[in-house]
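Note sheet for the following structure.
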Amino acid sequence: MSSLREVLNQRVRPGELYENIERNRIRCFACGHCCPILEGQAGVCKVRFNQGGTLYVPWGYVGGVQCDPIEKKPFFHAYPGALAYSFGMLGCDLHCSYCQNWVTSQALRDPQAVSPPLSATPNALVADALRQGAKVLVSTYNEPLITAEWAVAVFKEAKAAGLKTAFVSNGNGTPQVLEYLRPWIDFYKVDLKSFDDRHYHQLGGRIGPILDTIRRLHALGIWLEIVTLLIPGFNDSDEELRRLAEFLAGVSPQIPWHVTAFHKDYKMSDPDNTKAEDLMRAAEIGKTAGLRYVYAGNLPGEVGELENTCCEGCGGTLIRRYGYFIEEYRISPNGCCPRCGQVIPGRWGEKFEGQITDHPFIPRFRTNFISIT
Ligand code: SF4
């Protein structure tokens, strides 16, 4: 029986995000590592490799698909209530010990992470998304930047079918990959894990490319929301949160910032689970820094108004939520507060079309996706 690596090495095609450099090496631009890759070797992510001076990249499979309310991604200012059809491949450029998607992200590093790939085509994914009633196609679960060529192939089909497209990403990008994505992507969620470069080194990255990606996404006009998983004792000091929030507010005070509760996962089992008061403290720091839309997630019903979208002009509640469930929607067809006329930043439909689901589910019709192990 073939190993996972052997199987995945068959599921590749020449990539587009690289250049040839001296001594038959190539430099990959898909993520902020910008790996110089020797002939016969793979990059840090282990899924892109140099063979004969060509960079081969993942193609033609998914590690999993799932339908979620878009609020789970989380996007709170992009078509509230929409169904998001999520797909992912395998591998990651970081190795976070608390990863909640470690079964797919660490599949090539950790023998415990078993996630059999399924054969897929862009057409089949889009058809499946449409059958479920999805409005948005999201590349997530593994780090989508490292499989950007495949995401763009899927997104081209998605946009032709009238769907919106999104990344849920660690944000470890490059100017080249963002330019490459720009024509095909509507929304981008960056998981800003810390504001301390030493913490990013523990996770296998650097903070510089991530902050640069956030600035560039905003400048490119791609709708951007930020999430920070608040881990007690790791990234939750007042000082670190203040610097993080001030950075975001400096890019734009209208970028939504989600602080979400950690629960013990994968190899990180020492910290306590995040409490509601920790989320509320972080949210207060965000508001003091000038951020207008701060949300607290993963503890439904325990964080008061911090699940709701409130008008930055008059303070009125515009969207009331319980977890992923939308209880009330009051944004006007032109994306404004109906009471004071304040423009609310985001991407809004002409009207709220209801919510197909307030919980994740595996799509029922997956006949096109066949296991390839
Ligand atoms: S995606 Fe990132 S980690 Fe992978 S080869 Fe390219 S630069 Fe290296």
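The figures that follow rest on heavy atoms only: side chains count, while hydrogens, waters and symmetry mates do not. All values derive from a computational prediction rather than experimental measurement. Numbering of ligands and ligand atoms starts at 1, following listing order.
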Think Arg347 forms a cation-pi with Phe75, using NZ or CZ under 6.0 Å from the six-ring centre and within 45 degrees of its axis?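 Arg347 over Phe75 ring: no.
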Is the ring pair Trp348/His77 parallel, tilted or perpendicular, if the boundaries are 30 and 60 degrees?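 Tilted.
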Over 60° means perpendicular and under 30° means parallel, so classify the ring planes of Trp150 and Trp59, tilted if in between.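 Plane angle over 60°, so perpendicular.
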Minimum heavy-atom distance between Leu291 and Val294, given as atom pair plus value: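 Smallest interatomic distance, heavy atoms only, reads CB-CG2, 3.8 Å.
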So, Gln132 versus Tyr85: side-chain donor-acceptor pair below 3.5 Å or not?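 Side chains of Gln132 and Tyr85: no pair found under 3.5 Å.
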What are the atoms of ligand 1, with element, lying closer than 4.0 Å to any heavy atom of Cys34?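 Those qualifying, in numeric order: 7 (S).
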Under 4.0 Å from any heavy atom of Ile37, which atoms of ligand 1 are there?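 Checking each atom against Ile37, I get 5 (S).
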Can you check whether Tyr293 and Phe76 have ring centres sitting under 6.0 Å from each other?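 Ring centres of Phe76 and Tyr293 not closer than 6.0 Å.
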Strictly under 2.8 Å of atom 4 (Fe) of ligand 1: which protein N/O/S atoms qualify?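 Protein N/O/S atoms under 2.8 Å of atom 4 (Fe) of ligand 1: Cys45 SG.
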So, Asp196 and Arg243, do they make that salt bridge, N to O below 4.0 Å?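 So Asp196 does not pair with Arg243 through a salt bridge.
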